[in-house]
Amino acid sequence: MKRRTFIQNSAILGAGMLAHNFSFGSPSQVFPVVRVSEKDRHFKSPVIEKLIKEFQTNVADKELGWLFNNCLPNTLDTTIYDESTSQQKLTYVITGDIDAMWLRDSSAQVWPYLPFMRKDKHLQNLILGLINKQSKCINIDPYANAFYNDPTKKGEWFSDHTDMKPGIHERKWEIDSLCYPIRLAYAYWKETKDTTPFDNEWVRAQENIYKTFVEQQRKENLGPYKFERTTSRGTDTLQVDGYGYPVNPVGLICSSFRPSDDCSIFLFLIPANLFAVVSLRQSAEILRKVKNNTELAAKMEGLANEVEDAVNKYGIIDHPVHGRVYAYEVDGFGSYLMMDDANVPSLLSLPYLGAVDVNDEVYQRTRRFVLSENNPFYFKGKVAAGIGGPHIGRDMIWPMALIIQALTSTSDTEIRQCIQTLKNTHGDTGFMHESFHKDDPKKFTRHWFAWTNTLFGELLWKVYQEKPELLR
């Protein structure tokens with residue numbers, strides 16, 4: 001994608017979101033048009049438009065209908081670039097206001113559309129193209145978290161002190177960057193039965209994933225990855241010669257950075273390791289059933305079992321208030337960090353990712369911890385209470401965490417409260433944001449953050465399908 005095109009699209013989107021004066025609470029409840037105009041949308045799906053109309057017709061709350069129309073299709077409207085060739089479907093998906101594709105974000109952005117692929121072949125091809133694109137990116141560098149569409153581009157972080165290559169936006173090693181593409185490919189396969197994406201490139205990506213995970217167990221040495229950045233922000237670089245603080249090689253996988261792109265303190269990030277357990281087993285199932293690659297499948301399963309055992313031994317601690325709970329990070333020496341972060345994978349999100357059962361006692365105790373003020377990044381203010389994180393800082397609540405709280409809740413009251421809070425804190429824009437201040441939702445970060453927009457659409461559709469009375 002050309003830079004000029006991106007800037008023009010950003011201007012169009014920004015104007016659409018910010019050019020209106022809002023007035024809510026009037027009896028007529030007339031909401032301004034803030035969704036990108038049809039002629040400027042990157043991708044159009046009739047099935048998505050149909051379910052938006054269904055939601056708006058059957059949900060009496062007009063503001064929720066308006067938000068659903070704005071948020072659910074935001075990824076399709078604004079972030080999709082079809083780069084297909086005559087030989088292969090390829091899709092490039094930017095994260096929103098940054099002209100780069102994160103392996104994590106792009107997977108999560110299209111996730112809510114998976115159930116509708118069978119009714120929209122073009123939508124299926126879009127996701128097929130993304131799976132293909134992600135395999136290519138992983139094979140460029142499995143340690144990188146974000147990529148450009150231009151393989152020759154040298155971006156703003158090319159001066160980072162690591163093994164940067166052209167075409168890489170950022171090279172922060174995060175376990176979840178390799179888990180999300182597996183999650184997407186596995187769900188695509190289960191939904192469509194299509195094995196097209198599982199070509200030699202995809203198998204090579206799985207080999208690279210396995211190799212990288214094993215390297216980052218750091219059993220023999222520190223491995224090939226190190227990272228430093230010249231920056232005034234401590235969370236943007238790794239301490240101790242670019243490798244991070246030492247760990248005891250107990251079988252867990254090091255994640256130098258969190259899904260927030262902030263550095264880990266203790267490198268064994270527990271939610272990311274649990275996500276890896278799920279992803280390794282999903283990859284193994286595809287390898288065995290589709291590719292008959294029993295050797296690599298067995299390696300994947302063996303690693304999954306080893307990591308799971310290590311989490312159970314080293315990743316669960318005794319909290320003085322909440323009892324036996326998951327730590328956020330550990331080092332294998334006995335040190336641990338007690339907190340949760342808004343970004344997924346988080347401790348709160350574990351059932352959403354299929355990593356634990358929602359009724360698991362350890363998870364439920366962990367949940368009570370992370371949704372309390374014993375979590376240093378749980379903030380309570382005049383307009384909301386919720387989880388934030390170091391990435392933006394104190395007193396900034398992330399809508400993503402509120403959405404995940406609702407998606408992992410077994411309480412109708414809690415789900416309703418989360419939706420009401422999200423409805424009340426979009427800052428008069430009609431969209432979700434990266435974060436907002438606990439006392440003032442008009443003080444927010446990132447006016448265009450497609451992942452959270454689409455995730456909110458996923459929540460509203462799920463509740464509409466399963467518990468529509470909560471939307472009244």
Side-chain angles (χ1 to χ4, degrees), residues 104 173-180 182-183 186 209-219 223 244-260 262-285 298-319 322-341 343-371 375 387 404 408:
R104 168 186 56 252
W173 160 237
E174 301 159 2
I175 290 175
D176 66 279
S177 292
L178 299 183
C179 295
Y180 269 105
I182 295 174
R183 180 181 188 242
Y186 182 82
I209 289 170
Y210 175 78
K211 178 175 180 289
T212 304
F213 281 170
V214 170
E215 286 172 350
Q216 288 308 310
Q217 288 183 296
R218 299 192 181 180
K219 289 182 178 180
Y245 287 107
V247 295
N248 188 18
V250 295
L252 294 167
I253 304 167
C254 290
S255 189
S256 299
F257 290 86
R258 301 167 180 166
S260 60
D262 295 331
C263 70
S264 302
I265 295 176
F266 302 125
L267 298 188
F268 294 145
L269 179 61
I270 295 303
N273 271 266
L274 285 168
F275 192 12
V277 171
V278 176
S279 302
L280 286 163
R281 289 172 177 159
Q282 290 175 340
S283 176
E285 184 179 343
K299 289 180 179 179
M300 292 283 200
E301 289 166 337
L303 181 57
N305 293 338
E306 181 183 12
V307 173
E308 184 175 51
D309 289 344
V311 168
N312 290 333
K313 186 173 182 179
Y314 296 95
I316 301 174
I317 62 94
D318 290 308
H319 189 275
H322 297 277
R324 295 285 287 170
V325 299
Y326 288 111
Y328 187 65
E329 295 171 357
V330 303
D331 65 358
F333 289 112
S335 298
Y336 54 85
L337 179 64
M338 294 308 301
M339 59 168 279
D340 201 18
D341 191 279
N343 285 266
V344 179
S346 59
L347 293 174
L348 185 63
S349 70
L350 290 174
Y352 174 73
L353 296 172
V356 301
D357 186 277
V358 71
N359 296 309
D360 178 82
E361 292 182 2
V362 175
Y363 171 74
Q364 283 298 324
R365 288 193 291 268
T366 305
R367 181 187 179 85
R368 287 191 286 273
F369 159 69
V370 302
L371 294 173
N375 172 11
I387 299 171
I404 292 295
T408 57

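As a basis for the values below, the full set of heavy atoms in this structure was taken, side chains included, without hydrogen atoms, waters or symmetry mates. The shown structure was predicted, so the numbers you read here are calculated from the model rather than taken from an experiment.
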* State the CD1-CD1 distance between I209 and I182, to the nearest 0.5 angstrom. => 4.0 Å
* Okay, side chain of S264, backbone of F266: is any donor-acceptor separation there less than 3.5 Å? -> no
* To do: Check whether any side-chain N or O of S260 sits under 3.5 Å from a backbone N or O of N343 as a donor-acceptor pair, and report yes or no.
  => no
* Ionic contact status for R258 with E329, cut-off 4.0 Å -> yes
* Structure fact -> Note: M339 and Y328 closest approach over all heavy atoms is O-CB, 3.2 Å
* **Rounded distance [0.5 Å steps], OH in Y314 versus OG in S335** => 13.5 Å
* Is I317 close to V325 at the side-chain level, that is, under 4.5 Å between some pair of heavy atoms? -> yes
* Asked: Rounded to the nearest 0.5 Å, how far does CD1 of I387 lie from CG of D340?
  -> 5.0 Å
* Heavy-atom pair of closest approach, residues M300 and S283 -> CE-OG, 3.4 Å
* In terms of the angle between their ring planes, are H322 and F369 parallel, tilted or perpendicular, with boundaries placed at 30° and 60°? -> perpendicular
* Is L252 close to V311 at the side-chain level, that is, under 4.5 Å between some pair of heavy atoms? -> yes
* Asked: Counting N and O atoms only, with roles assigned by atom type, does the side chain of N312 sit under 3.5 Å from a partner on the main chain of G315, one being a donor and the other an acceptor?
  -> no
* Closest non-hydrogen atom pair, L267 against G244 -> CD1-CA, 4.2 Å
Run the side-chain donor-acceptor check on residues 269-276: report pairs under 3.5 Å with partners two or more places apart or on a different chain.
from	atom 1	to	atom 2	distance (Å)
N273	OD1	I253	N	2.8
N273	ND2	I253	O	3.0
N273	ND2	L269	O	2.9

* Asked: Cation over ring, R367 on Y352, under 6.0 Å and within 45°?
  -> no
* **Minimum heavy-atom distance G332-N248, with the two atoms named** => O-ND2, 3.2 Å
* Short side-chain to backbone donor-acceptor contact, Q364 and V358, under 3.5 Å -> yes
* Structure fact -> Of all heavy-atom pairs linking L353 and P345, the shortest is CD1-CB, 3.5 Å
* Asked: Taking the side chain as C-beta and beyond, is there a heavy-atom pair between E306 and Q217 under 4.5 Å?
  -> yes
* **Trace of the side chain to side chain contact (heavy atoms under 4.5 Å, CB included) decision for V247 with C254** => CA-CA 8 Å; V247 295; C254 290; 3.7 Å; yes
* Y245, OH: over 12 other non-hydrogen atoms inside 6.0 angstrom -> no
* Asked: Do E301 and L280 touch side chain to side chain, with heavy atoms closer than 4.5 Å?
  -> no
* To do: With the side chain counted from C-beta on, respond yes when F268 and V307 share a heavy-atom pair under 4.5 Å apart, and no when they do not.
  => no
* Structure fact -> In short, R104 meets S177 closest at the heavy-atom pair NH1-OG, 4.4 Å
* Looking at OH of Y326 and CG of L350, how far apart are the two atoms once the value is rounded to the nearest 0.5 Å? -> 7.0 Å
* From D176 atom CG to R183 atom CZ, the distance as rounded to the nearest 0.5 Å -> 11.0 Å
* Between N305 and R281, does a side-chain hydrogen bond (donor to acceptor under 3.5 Å, both in side chains) hold up when you go through it step by step? -> CA-CA 9 Å; N305 293 338; R281 289 172 177 159; 2.8 Å; yes
* If you round to the nearest 0.5 Å, how far is CD1 of I404 from CG of L347? -> 12.5 Å
* Is any side-chain heavy atom of I175 closer than 4.5 Å to a side-chain heavy atom of W173? -> yes
